[in-house]
Amino acid sequence: MSLRIVYLYSGAGETNVQRLEALKRLGHSVESIAWKPLMSSHAKAELFHRETGGVFFARRYDQAVWEQIKGRDFDILWVDHGEFTSPWLLRRVRDKGMKSVLFNVDDGFGWRDRLLWTTFKRAIKEYDLVAVRRQPNVGEALARGARDAMFVWRPADEIAHRRRDFTEEELAPYRSDVLFLGTWMKGRGAFLNELIRLGVPLTIVGGRWNKAPEFEDLKPYVRSGHTKSDDEYAKWVQAAKICIGLLSHGNRDLHTGRSIEVPMLGTVLCAERTTEHLELYCEGVEAVFWDDAAECAQKCKELLADPGRLAAMADAGLRRVYENKTLNEPILAKILDRALHGDTSAAKR
């Protein structure tokens with residue numbers, strides 16, 4: 001069944017674009033409306049609106065959305081993240097007979113982002129379905145009046161994260177033994193510095209590492225900033241033998257996008273041991289996990305010393321991703337089915 005979907009998102013350059021394209025691949029007619037073009041291009045404008053929870057920008061954006069859709073027929077309003085979508089728009093959408101879906105990969109009920117999610121929280125009760133990737137968020141959404149809420153895995157994308165047939169010449173500039181690809185956050189510098197002290201041949205790729213208190217020690221190991229394209233991201237991951245998976249504890253992570261994307265690109269995931277990681281992969285066969293830097297370093301050294309096991313684990317992890325169906329198309333299809341037909345399981349709450 002082909003649906004007519006209005007897709008609200010930030011704009012180019014983020015995983016929400018991958019989800020937009022996945023909805024199209026599922027055969028739906030999708031019209032996207034981004035908020036970034038409607039916001040001042042001044043560098044501080046987005047920061048201001050995020051720090052004030054969208055309360056000054058949401059109405060402007062929502063009015064622009066409403067003007068584009070009010071006289072037309074659509075089945076679904078799909079809101080990605082939802083920091084600038086207000087109850088005002090959602091009520092009008094419902095009056096048109098449309099279903100509304102919120103898909104949020106961040107922790108909109110947590111404490112890390114301060115006021116960012118103010119508008120998001122006010123609007124929760126107006127959505128027909130809220131899809132989140134943290135188990136506690138399901139109960140938190142329902143407690144705020146959500147009509148329905150469901151947990152989904154943070155999906156990798158069938159196109160952006162597929163394993164490519166790069167040549168050795170293409171991969172050579174990106175080669176590493178152990179890679180951490182990610183932005184600096186509090187605590188990450190100390191952990192990676194400890195891996196280096198323990199003899200792990202580490203490469204760091206990502207933004208804001210100059211902010212790390214340990215930057216002078218880490219600087220020789222930082223090779224690049226933010227990746228600028230899906231292909232560049234894929235080259236860094238595929239050219240690594242092992243990728244370290246770190247969580248944002250302030251965001252209550254038990255798995256992240258890297259947890260799926262790294263094995264899908266055919267590289268071994270070495271991540272923090274959590275209940276969700278253990279549900280996703282067979283430890284020691286499809287991925288390796290650790291509780292602290294010492295165990296992480298030990299696992300990395302053991303794998304680097306055993307190329308046969310390393311290759312077998314990479315292959316097993318890739319197969320498991322497809323078995324788990326932790327990919328955009330099946331997960332987004334499941335969300336749409338739930339939005340249209342409700343929860344068909346025995347117990348909803």
Do the non-hydrogen side-chain atoms of Lys219 and Asn210 ever get within less than 4.5 Å of each other? no
In the structure I gave you, are the side-chain heavy atoms of Arg134 and Leu254 within less than 4.5 Å of one another anywhere? no
Show your working on side chain to side chain contact (heavy atoms under 4.5 Å, CB included) between Asp343 and Met150 and close with a plain yes or no. CA-CA 9 Å; Asp343 186 1; Met150 66 184 294; over 6 Å; no
Note: Arg175-Glu168 ion pair, threshold 4.0 Å (strictly below): yes
Rounding to 0.5 Å, atoms CZ (Phe215) and CG (Asp217) come to a distance of 10.5 Å
Using the salt bridge (charged side-chain N to carboxylate O under 4.0 Å, His left out) rule, take Glu261 and Arg258 through it: C-alpha gap first, then chi angles, then the decisive distance, then the call. CA-CA 5 Å; Glu261 296 159 7; Arg258 302 283 190 273; 3.6 Å; yes
Lys334 and Lys325, any side-chain heavy atoms less than 4.5 Å apart: no
Check whether Leu8 and Val132 end up in the same hydrophobic cluster, where Ile, Leu, Val, Met, Phe, Trp and Tyr are linked by side-chain heavy atoms less than 4.5 Å apart. yes
Check which hydrophobic residues are tied to Leu247 through side-chain heavy-atom contacts below 4.5 Å, counting indirect links as well, and list them. none
Cluster link Tyr322 to Trp153, ILVMFWY, side chain under 4.5 Å: yes
Take Cys243 and Leu181 through the test side chain to side chain contact (heavy atoms under 4.5 Å, CB included) and record every step on the way to the result. CA-CA 8 Å; Cys243 280; Leu181 197 163; 5.9 Å; no
Using a strict threshold of under 4.0 Å (side-chain N to carboxylate O), is an ion pair present between Glu276 and Arg154? no
Could you tell me whether the side chain of Asn324 and the main chain of Leu280 form a donor-acceptor pair under 3.5 Å? yes
With clusters built from Ile, Leu, Val, Met, Phe, Trp and Tyr whose side-chain heavy atoms come within less than 4.5 Å, directly or transitively, what are the remaining members of the cluster of Phe56, listed by chain and number? Phe48, Val55
Is Phe191 linked to Val262 within one hydrophobic cluster, defined over Ile, Leu, Val, Met, Phe, Trp and Tyr using a side-chain heavy-atom separation of less than 4.5 Å? no
Which of Phe180, Tyr221, Trp184 passes side chain to side chain contact (heavy atoms under 4.5 Å, CB included) with Leu192? It is Phe180
His226 and Thr183: side chain to side chain contact (heavy atoms under 4.5 Å, CB included), yes or no, with the steps? CA-CA 8 Å; His226 289 296; Thr183 302; 3.4 Å; yes
Under 4.0 Å between a Lys/Arg side-chain N and an Asp/Glu carboxylate O for Arg133 and Asp107? no
Intermediate values then yes/no, side chain to side chain contact (heavy atoms under 4.5 Å, CB included), Glu279 and His255: CA-CA 10 Å; Glu279 186 176 349; His255 80 285; over 6 Å; no
Gln63 and Arg59, any side-chain heavy atoms less than 4.5 Å apart: yes
Return yes when atom CD of Glu169 has more than 12 non-hydrogen atoms of other residues, nucleotides or ligands closer than 6.0 Å, and no otherwise. no
Close side-chain approach of Glu158 to Asn328, heavy-atom, < 4.5 Å: yes
For residues Leu202 and Val268: do they belong to one hydrophobic cluster (side chain heavy atoms under 4.5 Å, members Ile, Leu, Val, Met, Phe, Trp, Tyr)? yes
Has Thr203 got a side-chain atom pairing as donor or acceptor with Leu179's backbone, closer than 3.5 angstrom? no
Quick one, Val321 and Ile260 - any side-chain contact, counting heavy atoms below 4.5 Å? yes
Please table the atom pairs, donor to acceptor, closer than 3.5 Å between any side-chain atom in residues 76-84 and protein atoms at least two apart or in another chain.
from  : atom 1 : to     : atom 2 : distance (Å)
Asp80 : OD1    : Arg19  : NH2    : 3.1
Asp80 : OD2    : Tyr7   : OH     : 3.1
Asp80 : OD2    : Arg19  : NE     : 2.7
Asp80 : OD2    : Arg19  : NH2    : 3.2
His81 : NE2    : Asp106 : OD2    : 3.0
Glu83 : OE2    : Arg50  : NH1    : 3.4
Glu83 : OE2    : Arg50  : NH2    : 3.3

Would you say the side chains of Thr15 and Asp157 form a donor-acceptor pair under 3.5 Å? no
Taking Glu170 first and then Arg164, would you say they form a salt bridge - that is, a charged N and a carboxylate O separated by under 4.0 Å? no
Between Lys24 and Glu21, is there a salt bridge with N-O shorter than 4.0 Å? yes
Quick one: are Leu102 and Thr85 in side-chain contact, heavy atoms under 4.5 Å? no
Starting at CG of Asn104, measure out to CG of Asn137 and round the result to the nearest 0.5 Å. 7.5 Å
Should Val200 and Val237 be regarded as members of a common hydrophobic cluster, given that ILVMFWY residues are connected when their side-chain heavy atoms come within less than 4.5 Å of each other, either directly or indirectly? no
Are the charged groups of Lys99 and Asp75 less than 4.0 angstrom apart, N to O? no
Mind telling me whether Phe57 and Tyr61 have parallel, tilted or perpendicular rings, with 30° and 60° as the class edges? parallel
Using the test ring-ring contact (aromatic ring centres under 6.0 Å, His included), find all partners of Phe74 that sit at least two apart in sequence or belong to another chain. none
Contacts table for residues 297-312: side-chain donor-acceptor under 3.5 angstrom, sequence neighbours left out:
from   : atom 1 : to     : atom 2 : distance (Å)
Gln298 : NE2    : Glu302 : OE2    : 3.0
Lys299 : NZ     : Phe289 : O      : 2.9
Lys299 : NZ     : Glu295 : OE2    : 3.3
Lys301 : NZ     : Leu198 : O      : 2.4
Asp306 : OD1    : Arg309 : N      : 3.2
Arg309 : NH2    : Gly284 : O      : 3.4

Between CG of Asp62 and OG of Ser86, what distance do you get to the nearest 0.5 Å? 3.5 Å
Between Thr267 and Ala240, what is the shortest heavy-atom contact and its length? CG2-O, 3.4 Å
With sequence neighbours excluded, what pairs up with Ser29 under the side chain to side chain contact (heavy atoms under 4.5 Å, CB included) test? none
To the nearest 0.5 Å, what is the distance between OG (Ser259) and NE2 (His277)? 2.5 Å
Side chains of Gln18 and Asp230, heavy atoms from C-beta outward: is any pair under 4.5 Å? yes
